[in-house]
Amino acid sequence: MNASLTANLNPQQAAAVELPAEHALILAGAGSGKTRVLTTRMAWLLSTGQVSPAGILAVTFTNKAAKEMLARMTAMLPLNPRGLWIGTFHGLCNRMLRLHHRDAGLPEQFAILDSQDQLSAIKRVLKLLNIDDERYPAKSCQHFINGNKEAGIRSAALQIWDEHSRVMKAVYEEYERQCQREGVVDFAELLLRCYELLNGNASLRAHYQQRFRHVLVDEFQDTNTLQYAWLKLLVGPESAMFAVGDDDQSIYAFRGANVGNMHDFQRDFAVKHVIRLEQNYRSHSNILTAANAVISCNRNRLGKQLWTDSEDGELLRVFEGLSDFDECEFVVGEVQALIRDGVPANDIAILYRSNAQSRVLEHGLFTAGVPYRVYGGLRFFERQEIKHALAYLRLIASPEDDNALLRVINFPTRGIGARTVDTLQENARLAGTSLWQVACSGGLGRSGAAVGKFVQLVEVMRTQTQGLPLPEVVAIMLELSGLTAHYRADKDGEDRLENLGELVTAAAAFIAEDENTIVAFLSHASLEAGDHQANAQQDAIQLMTVHAAKGLEFHSVFLTGLEEGLFPHENSMSDPKALEEERRLMYVAITRARRRLYLSLAQSRMLHGQTRYAPGSRFLGEIPPEVLRYLNRGYAPQTAYISKQETHTPSTPKAAPEHGLAIGMTVQHHRFGVGVVTDYEGGANGNVQVNFAEHGSKWLAVAYAKLQAVSN
DNA sequence: TATGCGCTTTTTTTT
DNA sequence: AAAGCGCATA
């Protein structure tokens, strides 16, 4: 039986699966069968009787990954999924906090704030403290609070340096108080609270350490400081931690992920088993060659070289368009050709660095009648109509939820204006109670009647839905609240109505596999905002950012917008660390392709309403020319030589131009025609690099080239 | 309370 | 170019 589990694994994979119960770090390259190893490891542990399902804790970052892991496990062994602790960091912390809410200092029915809710909660704090939100924008307070929570720092521990730090500390402090008073918890709080629960409660900690003999972590390179600290508390002297990650695919440092955790893990736990999974089963060899070459330009790596025994495959196709429209036209044409050749549409992806780039592509695909699907954007549970509906549910479950009350007290409008809400908040502040309590006690003058009716409405919703199955609760709430009527009356409300209907369906689906409580459903909504997509996937090509593509693979991939300033993004170009992250992003992008990879760029592009000119991405220049095939003439990989220089010599600040030329400027040359200035060095006696439409990119001596500016 | 105009601001994103 | 936001007006 054990043999059958590892039968189809390569020696490294099998070794990883069958490691003894000791700490291990698996460095798993892109497409090397990481998830397979993780799930097989668990199945092996269970089937050899080393551990019972209750003794396993497996952590992932996304619900999708958790679901996939569970699905693959149950395919290998029949299991009751309820006994297993497989989930996201947040999901597992939520589970633990619900079980020990008293020890954690939380009400049994605590609500979870998503980022939007958190932001509005912070706005209330700013208002309460009379803080100038020009100088202290809610967004930056949110960033500050989350940053500190992820570093495990409470407001009380903050040092005051100046006025700014004093205000930030005050905001954080009041925000903590407010959340505690209202019984709500934000995402970072789920982790921090759970960390503190275990840290401050030795017997509980010992209990879980005893219980979880095997702690398995997926995408370990993406863990932040707090997540790692939480793991350290859970892993006891008799537990083994099995961490799988790829430092080369760490693309979330910008939001707090700490790749250094991989290194720290080896040191903190004296890890004896480090296994590298370097054989790639996904891509043809030329694609891997490109990926390896690019990533090898990074300095800080744990070191790993992907290889494959598959054939070379095609060369990577490079297309340089004159404009973003030109690039788009090319992409659309190739997509159509691929589909004609029988590549399934959903096995084709168009990737880009930033969401704004999707617009042109969407337009092109739409015009050409190619079915496509854009990933990202607004998620189901984040839509305003859904948030409104959830707020009513939250009020039914716990009326003291001020955030929820504020959201819907006047939606649909019922004559409770900003003034009334202000008075309500002021009275609540004075009395030190919730808005709901104040609303119940009346005494609000002219608008008191409207508030009274709202209180009644919530009461009626609660009594009428008492004890009913969740989908019915949702349906009744939608009617009584007036949400359905409101969107029915709205000429543009059709989609929203449909989504509200979908919410009832979601509730039905939820009780089919989980509990029948409103609170559980609300947690589900906060923690799995993304999973519930309203429109099912048909056979359509996929458009998404490179970030969103992580973990996915496609037969053919179009990597678009390979220009300096776009990819790498301009905000990352001055910081070497950020630049390395961009390069890892490039590595992730390249390794998404199984068979065919297109690399495309445009000489000019509409960006922020302006036409911008940028030279080709340095990353393109880091790919060995032998694996590239330039589809349109004239654009040999000159960018390579510039970027090679840039990569290997410390970047020197450019001297101020004395010749009046600037990067992006269109110029005319007597022999080479029209081109765009892409670089220069030295002053009037120096050189200038011009990318000519007809003759490609050239370095010319400024003094002799006699370039003339062309206005456009 | 709703609407519309002019102003600003543009990475990446899960939970 | 487009979307979000604050403020003024109907």
Side-chain angles (χ1 to χ4, degrees), chain A residues 59-66 87-95 112-119 123 133-134 137-139 143 146 149-150 185-192 194 218-219 222-224 226-227 250-257 324 351-360 362-363 375-379 381-382 384 410-421 447 450 490 523-531 544-551 561 565-573 575 578-579 581-582 584-586 588-589 605-612:
Chain A
V59 203
T60 62
F61 273 82
T62 63
N63 294 298
K64 202 176 149 198
T88 63
F89 279 99
H90 295 85
L92 295 169
C93 286
N94 178 44
R95 187 166 174 180
I112 299 169
L113 302 184
D114 67 16
S115 330
Q116 288 178 46
D117 301 329
Q118 185 188 31
L119 192 65
K123 283 182 181 159
D133 57 359
E134 292 268 296
K139 275 252 170 66
H143 186 77
N146 289 337
K149 285 191 179 183
E150 276 159 22
V185 164
D186 61 46
F187 287 141
E189 185 74 26
L190 279 173
L191 295 166
L192 182 52
C194 195
D218 190 18
E219 306 274 16
D222 287 336
T223 47
N224 65 30
L226 183 54
Q227 287 159 342
S250 157
I251 55 174
Y252 286 112
F254 75 94
R255 67 171 196 221
D324 44 352
L351 308 184
Y352 33 81
R353 174 66 179 82
S354 64
N355 281 309
Q357 290 165 251
S358 75
R359 184 162 279 121
V360 178
E362 282 184 69
H363 180 258
Y375 280 77
L378 211 50
R379 300 187 159 70
F381 284 108
E382 286 170 359
Q384 66 142 306
N410 198 36
F411 193 96
T413 49
R414 45 176 75 85
I416 304 173
R419 249 347 270 287
T420 312
V421 174
S447 36
D490 184 347
S523 301
H524 166 82
S526 296
L527 293 173
E528 294 192 32
D531 242 32
M544 65 189 87
T545 63
V546 179
H547 282 92
K550 187 172 159 203
L566 206 61
F567 198 175
H569 193 274
E570 58 185 344
N571 295 1
S572 301
M573 297 206 308
D575 175 2
L579 195 57
E581 179 147 317
E582 295 282 324
R584 292 193 292 269
L585 201 50
M586 181 73 181
V588 168
R605 179 179 300 275
M606 278 299 261
L607 209 62
H608 312 327
Q610 278 182 326
T611 307
R612 300 244 302 224

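The figures here come from the full heavy-atom set of this structure, side chains too, leaving out hydrogens, waters and symmetry mates. Letters A, B, ... mirror the listed sequences (proteins, then strands); counts begin at 1.
Rounded to a whole Å, the CD atom of A:Gln118 is 13 Å from the C1' atom of B:dT14. Atom CG in A:Asn94 sits roughly 19 Å away from atom P in B:dT14 (whole-Å rounding). Going from atom CG of A:Asp117 over to atom P of B:dT14 covers 17 Å, rounded to whole Å. Rounded to an integer number of Å, the gap from CG of A:Leu119 to C1' of C:dC5 is 13 Å. Rounded to whole angstrom, the span from the NE2 atom of A:His569 across to the P atom of B:dT13 amounts to 11 Å. Atom-to-atom, CD of A:Glu219 to P of B:dT13 comes out at 15 Å; the value is rounded to the nearest Å. To the nearest angstrom, P of B:dT14 lies 10 Å from CD1 of A:Ile251. The separation between A:Tyr252 atom OH and B:dT11 atom C1' is 12 Å, rounded to whole Å.
An OP1 or OP2 oxygen of B:dT13 is reached within less than 4.0 angstrom by a side-chain nitrogen or oxygen of A:Asn355. A sub-4.0 Å separation between OP1 or OP2 of B:dT13 and a side-chain N or O of A:Ser115 is absent. Between A:Thr545 and B:dT13, a side-chain N or O to OP1/OP2 separation shorter than 4.0 Å is present.
Across all strands, A:Phe89 comes closer than 4.0 Å to no nucleic acid atom at all (heavy-atom distances). Among the protein residues, A:Asp186 comes within range of no part of the nucleic acid, since none of its heavy atoms lies under 4.0 Å from any strand. Residue A:Ser526 is out of contact with every strand shown, counting any heavy-atom pair closer than 4.0 Å. If you check every strand for non-hydrogen atoms under 4.0 Å, A:Ala418 touches sugar and phosphate atoms only. Counting any heavy atom pair closer than 4.0 Å across all strands shown, A:Asn410 reaches sugar-phosphate atoms only and no base atom.
Comparing B:dT11, B:dT15, B:dT13 by their closest approach to the side chain of A:Ala548 singles out B:dT13. Residue A:Arg379 has its side chain nearest to B:dT14 when only B:dT14, B:dT11, B:dT15 are considered.
Residues A:Glu570 and A:Arg612 form a side-chain contact, since some pair of their non-hydrogen atoms from C-beta on lies under 4.5 Å apart.
The nearest heavy atom of DNA chain B to A:Gly417 and to A:Glu581 marks one nucleotide each, and the one closer to the 5' end goes with A:Gly417. Positionally, the nearest nucleotide of DNA chain B for A:His547 lies more toward the 5' end than for the other of A:Leu190 and A:His547.
With sequence neighbours left out, the ring-ring contact (aromatic ring centres under 6.0 Å, His included) criterion links A:His569 to no other residue. Annotation: salt bridge (charged side-chain N to carboxylate O under 4.0 Å, His left out) contacts of A:Lys550 (sequence neighbours excluded): A:Glu219, A:Asp222. Residues satisfying the ring-ring contact (aromatic ring centres under 6.0 Å, His included) test with A:Phe89, not counting sequence neighbours, are A:Phe61, A:Trp230. Among residues two or more places apart in sequence or in another chain, the salt bridge (charged side-chain N to carboxylate O under 4.0 Å, His left out) test is passed with A:Glu581 by A:Arg584. For A:Glu189, the salt bridge (charged side-chain N to carboxylate O under 4.0 Å, His left out) partners two or more places apart in sequence, or in a different chain, are A:Lys149, A:Arg154, A:Arg193.
Between the side chains of A:Ser115 and A:Gln118, no donor N or O sits under 3.5 Å from an acceptor N or O.
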Listing time: all N or O pairs from protein to nucleotides 1-3 of chain C that are below 3.5 Å?
{"from": "C:dA1", "atom 1": "N6", "to": "A:His608", "atom 2": "O", "distance (Å)": "3.4"}

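Side-chain atoms of A:Ser354 and base atoms of B:dT10 include no donor and acceptor less than 3.5 Å apart.
A distance cut-off of 5.5 Å between ring centres, combined with a plane angle under 30°, places A:Phe254 in a stacking arrangement with the base of B:dT12.
A:Arg255 and A:Glu150 are not joined by a salt bridge, as no carboxylate oxygen comes within less than 4.0 angstrom of a charged side-chain nitrogen.
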